[in-house]
Colleague: 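Shown below is the structure under consideration.
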Amino acid sequence: MSRVLSAVAWPYANGPRHIGHVAGFGVPSDVFSRYMRMAGHDVLMVSGTDEHGTPILIAADEAGLSPQELADRNHRIIAEDLAALGVSYDLYTRTTTRNHHAVVQELFLGVHQNGYFVEQTTYGAISPSTGRTLPDRYIEGTCPICGYDGARGDQCDNCGNQLDPADLKNPVSRINGETPEFVETQHFFLDLPALADALGEWLDEREATGLWRPNVIRFSQNILKEIRPRAMTRDIDWGIAVPLEGWQDNPTKKLYVWFDAVIGYLSASIEWARRSGDPEAWRQWWNDPEALSYYFMGKDNITFHSQIWPAELLAYGGKGAKGGEPREYGELNLPTEVVSSEFLTMEGRKFSSSKKVVIYVRDLLSRYQPDAFRYFVAAAGPENQDADFTWSEFVRRTNDELVAGWGNLVNRTANLIAKNFGEIPAAGPLAPEDEAVLGVVEAAFDTVGGLIGRHRQKQAIGEAMRAVGEVNKYVSDSEPWKLKGEDQRERLATILHVMAQCVADLNLVLAPFLPFSANLVDAALGGPGDVAPMPRLEDVEDLDGGAGYPVITGDYSTAPRWERRPVVVGTPVVKPTPVFTKLDPSVVEEELARLAGE
RNA sequence: GGGGCGUUAGCUCAGUCGGUCAGAGCAAGGGACUCAUAAUCCCUGGGUCGUGGGUUCGAGCCCCACACGCCCUACCA
């Protein structure tokens, strides 16, 4: 048994999240975490809402809200969505807590004290009216190369050339139309070159495990070759103050949002520990070199998790070329594995909120079972390459695989037992075919568990469903419905007992993927319906006197072990109601019409 | 422009070290059964593994070029 940190990407608070987001980090991280708990590991699963940065300011302006109001609103929406999806965070918090601000400042001071920040002057655009950094992509103008009018500051969409915003003709801010001002400004740069050797050693060691997905490790090693110092502060009035004399009180100098967002993994662990009553408990996941940490995200976030975040950790620990000593947090563990997924597309197109190529988590969950979506993501999600979500495929996966395969097995099992015995019967002597099917099902614990542990969830759920098929075949071959005579009653009891055991086993194997239905299936076989503990949304006070906020938390210690639990003979079983809802094929057209804008 | 990943049956995808690796699921066609949300079980069809070269006794698997798709390109997060 090990300590396992499940570090889940922090959703950005500029709006509600769509199903592509949760397909990338939400479902995979929850499947993994639920399995690891059942396998006996001590899992700490943390995340939260990422609430700083320029896009929040822009979204707030558009909505006529303050940035904090916008963040409050979206944090609540996102947390509700994730809880509704059943993602079992030990703590899902946010970056505007006082705890997070303090932890980020401590990290900054450690990195600074060890000499891994260098002050540099840069030349960049600001908005004259607000003094805020105007990121390149928010500037547009005429391309100096091809003359195209709608060129962005970083790149011309017409000729494809990379640009420097200062070279654009007639540059204007896309935010408010004003002409940007190009100014000299002072920033702290993270001295990544001084950390490059340490990062390279870490990546080589990680590569040697053979566990990282090839594209993630290759990409990470590649960006190391051209590593340069990177600015970790911004001219902006929304974010975490730079905790140094002369900077602390400067209202328009803040830490870069990515510097603070990745620290959320640590600050959320600390917040969790403080709320648990043992404020030092987080150290078991962060200071013990034996502890494991898995980071879940979409592929656009790899840089920040395989370079920036480990660089911050190394710098804080004094592990780079400049040496140094850690401060109060001690030596912090680097990621064991960066588990990055690819992207989900939508009916063949990229998700885009502005172009309305989008399905929000909330909308999907308002009309369909969370487990139907979770099944789709596990079975057909963007694990190793981009995957396409289509409504017809969603309906097919739900009806032909989930309902027809697993749902039907549960239903026919409970029905036969209810009809013939009203309770789980005792088995007589087992025939070879009984032994065989029980063996196949029990073996699924090892194969499926091993695959989930190696982040092969598609194959894992495929193996689980294959075992479901084996049991359906066993039922068809055994034909228990034909055993009507009194002399056949013991054989009938044996078959139904074996079926009940198989369903109970497979239900545990599927529980990480389908937690809501796992509880329903457990109840259908007369159990208490608690095999998959659920997260809860809870309003809490800020620990340090700030405003209260909702979090996701839960007690998952009751999750059963990842092994066969013998069914209890005599457990009452009544005629079941179907666990899964079969979808009418017409939903495909309805949803496509909805996408097209009614 | 540079870097990375991908392109395998109608669809969605597996293919570890180059040698039964040409596969699975679903869809399609045929049959069986009736406990079950017309669900289940059995059988069958189907691919010159993006294109063009190369290395090799032998290549989805290695090398080169090209096409298409996607990600990153470090002040978007």
Side-chain angles (χ1 to χ4, degrees), chain A residues 9-14 50 52-56 58 122 124-125 133-138 152-155 159-162 165 185 187 192 210 213-216 218-223 225-236 256-258 261 298-304 307-308 340 342-343 345 348 350 376 379-380 382-388 390 392-393 396-397 399-401 403-405 407-420 456 458-459 462 465-466 469 471-483 496 499 576-582:
Chain A
W10 289 51
Y12 198 57
N14 62 343
D50 175 13
H52 297 127
T54 307
I56 298 291
I58 295 168
T122 61
T133 301
L134 197 52
D136 292 354
R137 66 177 308 205
Y138 288 112
R152 289 182 310 171
D154 53 351
Q155 192 172 32
C159 65
N161 283 294
Q162 252 192 297
T185 178
H187 284 301
L192 290 164
R213 291 174 183 162
N215 61 330
V216 181
R218 295 276 292 276
F219 180 78
S220 303
Q221 289 174 321
N222 199 271
I223 54 179
K225 292 179 198 155
E226 294 175 37
I227 199 162
R228 281 187 286 167
R230 190 161 166 160
M232 290 293 145
T233 49
R234 291 288 185 279
D235 292 295
I236 189 173
Y256 173 41
V257 60
W258 263 114
K299 61 180 164 181
D300 55 335
N301 275 345
I302 294 173
T303 304
F304 302 99
Q307 184 170 98
I308 306 297
S340 164
E342 304 296 302
F343 277 15
T345 54
K350 276 201 275 189
F376 180 93
E383 188 169 275
N384 288 308
Q385 57 182 295
D386 291 353
D388 195 29
T390 63
S392 63
E393 186 70 0
R396 187 193 72 68
R397 291 268 181 189
N399 288 350
D400 299 339
E401 296 181 18
V403 175
N408 179 52
L409 176 61
V410 172
N411 220 33
R412 68 200 304 207
T413 300
N415 257 301
L416 282 167
I417 292 173
K419 193 176 294 182
N420 289 290
R456 306 287 302 263
K458 282 176 122 157
Q459 201 182 338
M465 293 306 283
R466 198 179 59 77
V471 180
N472 267 323
K473 176 173 162 50
Y474 164 80
V475 177
S476 293
D477 291 347
S478 305
E479 301 182 313
W481 49 88
K482 286 188 175 167
L483 304 176
L496 297 191
M499 286 170 68
T577 50
V579 168
F580 297 103
T581 306
K582 186 164 183 170

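Protein chains get the first letters and strands the later ones, always in sequence-line order, with residue 1 at the start of each. Note that the coordinates shown come from a computational prediction; the quantities given were computed from them, not determined experimentally.
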Colleague: Have a look at A:Lys473 and say if it touches a base, only the backbone sugar-phosphate, or nothing, with a 4.0 Å heavy-atom cut-off.
Modeller: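 Contact class for A:Lys473: sugar-phosphate only.
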Colleague: Would you classify A:Ile308 as touching base, sugar-phosphate or nothing, given that sugar-phosphate means primed atoms plus P, OP1 and OP2, and contacts are heavy atoms under 4.0 Å?
Modeller: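 No contact.
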Colleague: Using a cut-off of strictly less than 4.0 Å, decide whether A:Lys350 has a side-chain nitrogen or oxygen near OP1 or OP2 of B:C71.
Modeller: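 So the side-chain polar atoms of A:Lys350 do come within 4.0 Å of the phosphate oxygens OP1 or OP2 of B:C71, strictly under.
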Colleague: For A:Pro55, which contact category applies under a 4.0 Å heavy-atom criterion: base, sugar-phosphate, or nothing?
Modeller: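 Contact class for A:Pro55: sugar-phosphate only.
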Colleague: Please classify the nucleic acid contact of A:Asn411 as base, sugar-phosphate, or nothing, using heavy-atom distances under 4.0 Å.
Modeller: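 The answer is base, as A:Asn411 lies within the cut-off (heavy atoms under 4.0 Å) of a base atom.
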Colleague: Give the nucleotide from the list B:A39, B:U37, B:C41 with an atom nearest to the side chain of A:Phe580.
Modeller: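 From the listed options, B:U37 comes nearest.
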Colleague: Start with the C-alpha distance between A:Ser392 and A:Arg397, add both sets of side-chain angles, then the distance that settles side-chain contact (heavy atoms from CB on, under 4.5 Å), and finish with yes or no.
Modeller: CA-CA 9 Å; A:Ser392 63; A:Arg397 291 268 181 189; over 6 Å; no
Colleague: Look at all strands and tell whether A:Thr122 reaches a base, only sugar-phosphate, or nothing, counting heavy atoms closer than 4.0 Å.
Modeller: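 Answer is base: heavy atoms of A:Thr122 come under 4.0 Å of a base.
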Colleague: Less than 4.5 Å apart, side chain to side chain, heavy atoms only: is that true for A:Thr303 and A:Phe219?
Modeller: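 The answer is yes, as the side chains (C-beta and beyond) meet within the 4.5 Å cut-off.
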Colleague: Please work out if A:Asn472 contacts a base, only the sugar-phosphate, or nothing of the nucleic acid, heavy-atom cut-off 4.0 Å.
Modeller: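 It contacts sugar-phosphate atoms only.
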Colleague: Nearest to the side chain of A:Arg412, heavy atoms from C-beta on, is which of B:C71, B:A77, B:C35?
Modeller: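 In terms of side-chain proximity for A:Arg412, the closest of B:C71, B:A77, B:C35 is B:C35.
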Colleague: Is the phosphate of B:C76, meaning OP1 or OP2, less than 4.0 Å from a side-chain N or O of A:Tyr256?
Modeller: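 For B:C76, neither OP1 nor OP2 has a side-chain N or O of A:Tyr256 closer than 4.0 Å.
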Colleague: Using a 4.0 Å heavy-atom cut-off across all strands, classify A:Glu401 as base, sugar-phosphate, or nothing.
Modeller: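 If one applies the 4.0 Å heavy-atom cut-off, A:Glu401 turns out to touch the sugar-phosphate alone, with no base involved.
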Colleague: Base, sugar-phosphate, or nothing for A:Arg456, non-hydrogen atoms under 4.0 angstrom?
Modeller: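 Sugar-phosphate contact only - A:Arg456 comes under 4.0 Å of backbone atoms but never of a base.
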Colleague: What is the nucleic acid contact for A:Gly469, judged by heavy atoms within less than 4.0 Å: base, sugar-phosphate only, or nothing?
Modeller: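 If one applies the 4.0 Å heavy-atom cut-off, A:Gly469 turns out to touch the sugar-phosphate alone, with no base involved.
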Colleague: Is A:Ala387 touching bases, backbone alone, or none of the nucleic acid, heavy atoms closer than 4.0 Å?
Modeller: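 It contacts sugar-phosphate atoms only.
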Colleague: Taking only the side-chain heavy atoms of A:Leu416 (C-beta and beyond), determine which of B:C35, B:A14, B:C33 contains the nearest atom.
Modeller: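 Among the listed nucleotides, the one closest to the side chain of A:Leu416 is B:C35.
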Colleague: Could you classify B:G46 for me, syn or anti, using a glycosidic angle within 90° of 0 as syn?
Modeller: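 Syn, which is what one calls it when the glycosidic angle falls within 90° of 0.
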Colleague: Would you tell me if any nitrogen or oxygen in the side chain of A:Gln385 comes within less than 4.0 Å of OP1 or OP2 on B:G15?
Modeller: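 Answer is no, no contact under 4.0 Å.
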Colleague: Rounding to an integer number of angstrom, what distance separates B:G29 and B:G46 when you compare their C1' atoms?
Modeller: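 B:G29 and B:G46 have their C1' atoms separated by 12 Å.
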Colleague: Using the C1' atom in both, what is the distance from B:C33 to B:A22, to the nearest Å?
Modeller: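 Pairwise C1' distance, B:C33 against B:A22, rounds to 34 Å.
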Colleague: The side chain of A:His187 lies closest to which of these nucleotides: B:C75, B:C13, B:C41?
Modeller: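 Between B:C75, B:C13, B:C41, the one nearest the side chain of A:His187 would be B:C75.
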Colleague: Quick test of your reading of the model: are A:Glu342 and A:Lys299 salt-bridged, counting only N-O distances below 4.0 Å?
Modeller: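 Between A:Lys299 and A:Glu342 there is a salt bridge, with a charged N closer than 4.0 Å to a carboxylate O.
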Colleague: Using the purine O4'-C1'-N9-C4 or pyrimidine O4'-C1'-N1-C2 torsion, is B:G60 syn (within 90° of 0) or anti?
Modeller: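 It is syn.
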Colleague: What nucleotide among B:C35, B:U37, B:C26 has an atom nearest to a side-chain atom of A:Lys419?
Modeller: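 Of the options given, the side chain of A:Lys419 lies nearest B:C35.
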Colleague: Please tell me which of A:Phe304 and A:Gln307 maps to the more 5' nucleotide of RNA chain B, matching each residue to the nucleotide holding its nearest heavy atom.
Modeller: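 The answer here is A:Gln307.
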Colleague: Let's see if you can work this out: which of B:A77, B:C33, B:U12 has an atom nearest to the side-chain heavy atoms of A:Ala380?
Modeller: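 Between B:A77, B:C33, B:U12, the one nearest the side chain of A:Ala380 would be B:U12.
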Colleague: Please work out if A:Val410 contacts a base, only the sugar-phosphate, or nothing of the nucleic acid, heavy-atom cut-off 4.0 Å.
Modeller: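 Nothing, no heavy atom under 4.0 Å.
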Colleague: Taking the minimum atom-to-atom distance to the side chain of A:Phe219, which one of B:C72, B:A36, B:C41 wins?
Modeller: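 The answer is B:C72.
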Colleague: For residues A:Arg456 and A:Asn384, is any side-chain donor paired with an opposing acceptor at under 3.5 Å?
Modeller: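 Note: A:Arg456 and A:Asn384 side chains miss the donor-acceptor criterion.
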